[in-house]
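One structure is given here, and the rest of the page talks about it.
In what follows, every chain begins at residue 1, and chains take the letters A, B, ... in the order their sequences are listed.
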2 protein chains.
Amino acid sequence: MSAFTLDGEGPLHGQIRRALSGAILTGRIPPGGRIPPESELMTLFGASRMTVHRALAALAAEGLVRRNRRAGTVASPEARGRAVFEIWDIGAEIRAAGHAHRFEILSRAVRQAGDDELDLPAAARLLDIATRHLSDGAPMQVEERLINLAAAPAAAEEPFAATPPGRWLLDHIPWTEAEHAIRAVAAPARVARLLGMKAGDAALVVERRTWNGSVPVTFARLWHPGDRHRLVGRFSAGG
Amino acid sequence: MSAFTLDGEGPLHGQIRRALSGAILTGRIPPGGRIPPESELMTLFGASRMTVHRALAALAAEGLVRRNRRAGTVASPEARGRAVFEIWDIGAEIRAAGHAHRFEILSRAVRQAGDDELDLPAAARLLDIATRHLSDGAPMQVEERLINLAAAPAAAEEPFAATPPGRWLLDHIPWTEAEHAIRAVAAPARVARLLGMKAGDAALVVERRTWNGSVPVTFARLWHPGDRHRLVGRFSAGG
DNA sequence: GCGGAGTTATTGTATAGACATTATTTTGCT
DNA sequence: AGCAAAATAATGTCTATACAATAACTCCGC
């Protein structure tokens with residue numbers, strides 16, 4: 001039978017979790033393969049049922065196994081499906097890379113909602129604001145942003161002097177849903193000039209929408225020079 | 001005092017988790033704000049400590065709260081930092097959009113490792129394979145891939161007739177670490193021709209590396225037509 | 001006021017036991 | 001054989017209890 005070995009490091013439920021996730025990720029238990037029932041794992045690992053259950057529940061939450069009453073626990077065939085990117089705060093990213101972050105507000109206006117990316121009634125008031133972010137003086141991002149003033153009334157009075165709009169929203173306005181889209185497009189002339197690239201050059205565009213419940217909060221279109229900016233995501237399967 | 005309300009749906013620990021995560025995400029508990037200790041939550045929710053603890057442990061695992069012995073539990077300031085993309089299987093993506101997926105192997109060769117993206121000794125043998133994926137006949141991705149045959153020996157014999165290399169690797173070769181980089185670049189002539197775009201047009205490039213432990217498994221460079229392909233990630237804060 | 005020792009609040013881990021839920025298997029009846 | 005009812009195997013939830021680990025606080029002697 002599959003003998004599992006504990007590494008002796010840290011709490012028992014963690015050791016059990018690692019032993020099982022290791023067996024799955026190294027292929028010793030193939031996708032769809034059966035994991036012994038809790039009762040059996042209890043004796044295999046010398047642990048109580050709650051402890052074993054805790055380890056299995058964690059694996060199920062990660063998506064590594066699928067569990068069913070009476071039918072048992074199997075290694076999930078679609079275990080490996082997600083890539084996580086941190087694409088929220090260009091300032092933090094620039095500073096993390098050891099550079100100096102500076103930004104400037106390019107334009108700012110309050111206006112009525114129209115045929116916008118934010119799906120709002122025409123009566124709604126929007127803050128329409130454009131920002132440029134620089135890394136050691138080199139332009140790295142142009143941020144075009146619409147803010148629903150009904151969802152973030154304080155934004156109307158905020159000067160965005162020390163904190164750029166994106167970061168300010170993260171800090172002050174709650175949200176519950178977010179959607180991102182990433183595209184590569186030819187840079188229009190205005191953006192190209194601001195980013196120090198030629199019109200038509202490849203730009204990496206991230207579009208972000210957030211909602212609080214069903215109320216749209218903000219829409220942001222973030223332009224990056226294609227050659228100078230990369231989104232990087234790392235995924236380690238150990239949990 | 002913050003009164004929390006349970007929604008009565010599903011298991012108690014889930015209700016408690018939602019009640020607390022709701023309070024955090026709607027800003028009722030601000031970032032850095034204190035969550036009552038387990039002993040207090042027990043009486044607030046009428047649950048045992050283990051049940052309360054389970055809810056809090058789940059929130060901590062999600063990163064919504066930070067917990068410290070004796071110091072208590074606080075809402076995490078960097079709670080909202082991740083965007084998750086499913087960028088693994090272009091075939092599944094195309095089919096999910098209701099289109100027909102077809103692919104063709106463009107070239108295939110086994111060769112020695114050289115100055116490659118995979119960081120391998122020169123003696124290592126690689127499978128170097130290029131594939132084109134089509135959605136209802138329209139080219140959607142060019143996949144340039146290197147496979148470390150030491151990590152995936154079976155790949156040498158695999159014809160990749162029914163299953164394209166990326167999907168085949170997912171199904172057959174275990175891995176533990178992955179890294180993704182997303183860029184926008186001007187399409188080189190060869191790729192542009194294969195994707196039905198003009199040379200120099202913006203292409204969205206995803207580069208993926210995977211390892212099994214410390215052994216490199218594969219490197220893939222995935223080219224997409226910038227105007228026709230978007231990566232979309234959704235993030236719902238309810239968990 | 002300061003350093004250090006003791007106390008305490010809070011989370012972390014683990015167990016045993018009870019009952020609920022659910023899908024499968026078996027049994028029994030026709 | 002076929003179908004319905006009962007048994008069963010597995011996970012899911014919850015409680016009560018015990019003790020461990022850690023960091024903050026208190027108090028005391030000087």
Side-chain angles (χ1 to χ4, degrees), chain A residues 1-2 4 6-21 23-24 29 32-77 79 239, chain B residues 1-2 4 6-21 23-24 29 32-77 79 239:
Chain A
M1 275 285 87
S2 336
F4 301 100
L6 299 179
D7 54 21
E9 299 206 347
L12 227 198
H13 67 261
Q15 296 183 47
I16 296 175
R17 201 191 85 230
R18 280 193 300 280
L20 294 173
S21 87
I24 294 170
I29 300 179
R34 220 165 157 294
I35 278 105
E38 296 182 351
S39 54
E40 202 166 318
L41 295 175
M42 285 171 66
T43 63
L44 275 174
F45 291 120
S48 77
R49 203 193 134 209
M50 275 304 292
T51 303
V52 168
H53 182 79
R54 189 170 172 178
L56 287 167
L59 292 176
E62 280 177 50
L64 258 189
V65 303
R66 206 143 7 99
R67 312 198 73 196
N68 283 295
R69 281 157 156 147
R70 166 82 223 221
T73 304
V74 295
S76 175
Chain B
M1 278 279 88
S2 337
F4 302 100
L6 299 178
D7 54 21
E9 299 205 348
L12 227 196
H13 67 261
Q15 295 184 47
I16 296 175
R17 199 190 85 230
R18 281 193 299 278
L20 294 173
S21 87
I24 294 169
I29 301 179
R34 221 166 156 295
I35 278 106
E38 296 182 351
S39 54
E40 202 166 319
L41 295 175
M42 286 172 65
T43 65
L44 276 174
F45 291 120
S48 78
R49 204 195 133 207
M50 274 305 292
T51 303
V52 168
H53 181 79
R54 190 171 171 177
L56 287 168
L59 291 175
E62 281 177 51
L64 257 187
V65 303
R66 206 145 4 101
R67 314 198 72 195
N68 283 296
R69 280 158 156 147
R70 166 82 222 218
T73 305
V74 296
S76 173

Quick one: are A:T73 and A:L59 in side-chain contact, heavy atoms under 4.5 Å? no
Is there a side-chain contact between B:I16 and B:L41 in this structure, where contact means two heavy atoms from C-beta onward sitting under 4.5 Å apart? no
What is the per-nucleotide protein-contact pattern of nucleotides 7-15 of chain C, from the 5' end, where B denotes a base atom under 4.0 Å from a protein heavy atom, S denotes such proximity for sugar-phosphate atoms only, and - denotes neither? -BBBBBBBB
I'd like to know if the side chain of A:Q15 and the backbone of A:G10 have a donor-acceptor N/O pair within less than 3.5 Å. yes
Could you pull out all residues at least two apart from A:R54 that satisfy salt bridge (Lys or Arg N to Asp or Glu O under 4.0 Å)? none
Quick test of your reading of the model: are A:R17 and A:E62 salt-bridged, counting only N-O distances below 4.0 Å? yes
